[in-house]
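Take a look at the structure set out below.
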Amino acid sequence: MTEKKGYAGNGFVHVKNPHLALMDEDILYHLDLGTKTHNLPAMFGDIKFVCVGGSPNRMKAFAQFMHKELGFEGDGKDVKDICAGTDRYSMYKVGPVLSVSHGMGIPSISIMLHELIKLLHHAKCQGVTIIRIGTSGGLGIEPGSVVITDTALDSFFKPQFEQVILDNVVVRSTELDKDLAEELLNCSKEIHDFPTMTGHTMCTYDFYEGQGRLDGALCSFSSEKKLEYLKRAYNAGVRNIEMESTVFAAMCGLCGLKAAVVCVTLLNRLEGDQITVPHEVLLEYQRRPQQLISIFIKKRLGLYNQNKLLDNAFFLSN
């Protein structure tokens, strides 16, 4: 069975679950929020941009960065974790920007997305753009490159996500918003410190065997088989590999969210499996998608000032 996506014409975030309307209360357990315990429209009704990423520390740093970029008073160091009552995810709000961690892999991000999408729905948010910012393994491109996903593919290079529901396999589209990807690519032209491109992103269920690594606790294939597979992926248009993009694209599309995936590459998988660059270089790589997204958000809000790019670079390097 194949499910089709669709966008709400009124711009609201919508849910495709008739049971929710019959519930007296909706407890967003893994976010430590709820419709009776919190005034969600008052807390989140002004959200226009949601940025999600795997690491809690990285998403806190992004919130602090956006605090500065949007011109709020103070240094942002005291930005509060809205989900402090749980150790599953972290969430920070800076004006119209929500920064949320999603953990690692499809199961973790899908749980977070179910509750985040319901949160945006209960809060009556309109015109929300959601972007996953993260890290990935590159394929045939320079480490440190930023890839804006045009299509999320599964391990068979198909643009789909298979969700097992009861004892059925439901196939969902992984199409992402093409206009949003183009807008982000145009924003990248303001930055000359690192290469940015669009390309297919392959999403796997595993970091080791699922991505053809030779250095896991288990490995049943040769280095030749690994390279042959990765070269086929490259020839299919794949430029980076991560573990969340297919379910992210599928769920956001079904619920009327315009979505994008922007990841930096930490290595070229055609040249090796282990990440060997120094820690300080990795930190600088991880800030690159944040810099791009900050330009995008400021342009959308009419706050962009090209002269501040040098200030951004200084902040991101410290």
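Under the 3.5 Å distance criterion, with hydrogens and angles disregarded, no donor-acceptor pair is assigned to the side chains of Gln64 and Tyr92. Residues Asn240 and Thr265 bring no donor and acceptor atom of their side chains to less than 3.5 Å of each other. Looking at Gln211 and Thr204, their side chains do bring a donor and an acceptor atom within 3.5 Å of each other. Using a 3.5 Å distance cut-off with no hydrogens or angles, the side chains of Lys60 and Asn57 do not pair a donor with an acceptor. Between the side chains of Glu242 and Ser245, at least one donor N or O lies within less than 3.5 Å of an accepting N or O.
Linking Ile, Leu, Val, Met, Phe, Trp and Tyr whenever their side-chain heavy atoms come within less than 4.5 Å leaves Met23 and Tyr29 in two separate clusters. Connection of Val281 to Leu267 is established within a shared hydrophobic cluster, with ILVMFWY side chains joined at heavy-atom distances below 4.5 Å, either directly or through further cluster members. There is no path of hydrophobic side-chain contacts, each under 4.5 Å, that joins Val238 to Ile148. Each of Tyr285 and Ile141 belongs to its own hydrophobic cluster when Ile, Leu, Val, Met, Phe, Trp and Tyr are linked at side-chain heavy-atom distances under 4.5 angstrom.
Within the 3.5 Å criterion, the main-chain N or O of His19 finds a donor-acceptor partner in the side chain of Asn17. Without hydrogens or angle criteria, Lys48 side chain to Gln126 main chain gives a donor-acceptor distance under 3.5 Å. The backbone N or O of His200 sits nowhere less than 3.5 Å from a side-chain atom of Thr149 that would complete a donor-acceptor pair. Between the Thr246 side chain and the Phe161 main chain, no donor and acceptor come within less than 3.5 Å of each other. Of the possible donor and acceptor atoms, none in the side chain of Ser108 sits under 3.5 Å from a partner among the backbone N and O of Gly105.
Note that SG of Cys51 and CZ of Arg132 are 12.0 Å apart. Values are rounded to the nearest 0.5 Å. Atoms CG and CZ, on Asp150 and Arg239 in that order, are 9.5 Å from each other to the nearest 0.5 Å. Interatomic distance, NZ of Lys258 versus CD1 of Ile131, reported as 13.0 Å (0.5 Å rounding). Considering OG of Ser99 and CE of Met59, their distance stands at 3.0 Å, rounded to 0.5 Å. Atom CD of Gln163 sits about 9.0 Å away from atom CD1 of Ile106, to the nearest 0.5 Å.
Here Asp24 pairs with Lys36 under the salt bridge (charged side-chain N to carboxylate O under 4.0 Å, His left out) rule; sequence neighbours left out.
The environment of CE in Met104 is sparse: at most 12 heavy-atom neighbours from other residues, nucleotides or ligands sit within 6.0 Å. Taking a 6.0 Å sphere around CD of Gln274, one finds it holds 12 or fewer heavy atoms contributed by other residues, nucleotides or ligands. Heavy-atom contacts from other residues, nucleotides or ligands closer than 6.0 Å to CG of Leu20 number more than 12.
His67 and Phe72 have tilted rings, their planes meeting at an angle from 30° to 60° on a 0 to 90° scale.
For the pair Lys80/Lys93, no side-chain contact is recorded, criterion being any heavy-atom separation below 4.5 Å from C-beta on. Between Leu33 and Glu115 the shortest side-chain heavy-atom distance does not fall below 4.5 Å. In this structure the side chain of Leu257 reaches within 4.5 angstrom of the side chain of Val13, judged on heavy atoms. Within the 4.5 Å cutoff, side-chain heavy atoms of Leu230 are placed close to those of Ile241. Leu303 has its side chain within reach of Leu70: a pair of non-hydrogen atoms, C-beta onward, lies under 4.5 Å apart. When side chains are defined from C-beta on, Met112 does not count as touching His30, because their heavy atoms never get closer than 4.5 Å. Side-chain contact check for Met251 versus Ser110: some heavy-atom pair is nearer than 4.5 Å. Counting only heavy atoms from C-beta outward, the side chains of Leu266 and Leu282 approach each other to under 4.5 Å.
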key: Residues Ser188, Val146; criterion side-chain contact (heavy atoms from CB on, under 4.5 Å); working and verdict   = CA-CA 9 Å; Ser188 75; Val146 172; over 6 Å; no

task = May I have the step-by-step check of side chain to side chain donor-acceptor pair (under 3.5 Å) for Asp81 and Ser90, ending in yes or no?
result = CA-CA 6 Å; Asp81 182 2; Ser90 295; 3.3 Å; yes

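For the salt bridge (Lys or Arg N to Asp or Glu O under 4.0 Å) test with Glu228, the passing option among Lys231, Lys226, Arg232 is Arg232; the others fail. None of Arg300, Lys178, Lys299 except one satisfies the salt bridge (Lys or Arg N to Asp or Glu O under 4.0 Å) rule with Glu183; the exception is Arg300. Looking at Leu120, Leu113, Asp177 one by one, the single match for side-chain contact (heavy atoms from CB on, under 4.5 Å) with Ile130 turns out to be Leu113.
Among residues at least two apart or in separate chains, ring-ring contact (aromatic ring centres under 6.0 Å, His included) pairs with a member in residues 206-260 are Phe157-Tyr229.
Salt-bridge formation is detected for the pair Arg288/Glu284: a Lys NZ or Arg NE/NH1/NH2 atom is positioned less than 4.0 Å from an Asp or Glu carboxylate oxygen.
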